[in-house]
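The structure under discussion appears below in the form of structure tokens.
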Amino acid sequence: MADNHTRSATYRTTRTAGGATVVTLHGDLDLLAVPALAAALDDLTSGAEPDLVLDLSPVSFIDCSGLGLLCRARNRVRHRTGRLRLVAPDDDVPRLLRHTGLADAFELYPGLPEALAEKDISGAVA
């Protein structure tokens with residue numbers, strides 16, 4: 001487990017027994033945080049078939065650069081035939097994604113246990 005800090009956000013990376021990497025983001029996903037987070041997510045999505053869960057539960061704010069970060073991670077994961085899940089327990093993130101036309105672009109879960117227990121498209125437990 002690693003704690004990392006950016007200018008306006010912190011994040012913790014953990015690896016589950018099932019092989020998924022969980023990145024718990026805290027604070028603001030904004031212009032100040034995105035460069036460091038992008039580098040970390042690029043590293044985590046650089047291999048074949050990355051399995052990434054972004055826990056947005058503690059995130060307090062997402063601006064357009066934060067949305068761009070999420071889309072970049074999604075595109076990198078899809079390009080490498082991987083999987084990206086977002087954890088968002090309240091309606092703030094789903095509402096933001098609906099208003100920006102991105103609601104169908106992400107797998108959304110209300111909690112981390114649900115995201116980790118969900119089966120992937122092939123039927124294997126993620």
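Numbering starts at 1 and runs along the sequence shown. Just so we're clear, the structure is a prediction, and the values are computed from it rather than from any experiment.
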To the nearest 0.5 angstrom, please state how far the [atom1] atom of [X] sits from the [atom2] atom of [Y].
X: Arg80; Y: Asn75; atom1: CZ; atom2: CG; answer: 10.5 Å
X: Leu84; Y: Thr21; atom1: CG; atom2: OG1; answer: 11.5 Å
X: Leu69; Y: Leu54; atom1: CG; atom2: CG; answer: 8.0 Å

How close do [X] and [Y] get, counting heavy atoms only, and between which atoms?
X: Ser65; Y: Val34; answer: O-CG2, 3.5 Å
X: Phe106; Y: Leu70; answer: CE2-O, 3.5 Å
X: Ala115; Y: Arg85; answer: O-NH1, 2.7 Å

- From the options Leu41, Asp51, Thr45, select the one residue that forms a side chain to side chain contact (heavy atoms under 4.5 Å, CB included) with Val77. Thr45
- With Leu56, the side chain to side chain contact (heavy atoms under 4.5 Å, CB included) member among Leu108, Val23, Leu29, Thr24: Leu29
Indicate yes or no for a side-chain donor-acceptor contact from [X] to the backbone of [Y] under 3.5 Å, with no hydrogens or angles considered.
X: Arg74; Y: Ala105; value: yes
X: Ser60; Y: Gly27; value: yes
X: Arg98; Y: Leu102; value: no
X: Asp63; Y: Leu31; value: yes

- Message: Would you say that Ile62 contacts Leu96 through its side chain, given a criterion of any heavy-atom pair below 4.5 Å between the two side chains?
- Response: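 Side-chain contact under 4.5 Å: yes.
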- Carefully, step by step, assess Thr16 and Leu116 under the rule side chain to side chain contact (heavy atoms under 4.5 Å, CB included). CA-CA 9 Å; Thr16 68; Leu116 294 174; 4.0 Å; yes
- For atom CG of Asp91, is the number of surrounding heavy atoms from other residues, nucleotides or ligands below 6.0 Å larger than 12?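 Enclosed.
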- Test side-chain contact (heavy atoms from CB on, under 4.5 Å) applied to Ser46 - qualifying residues, sequence neighbours left out: Asp43, Arg76
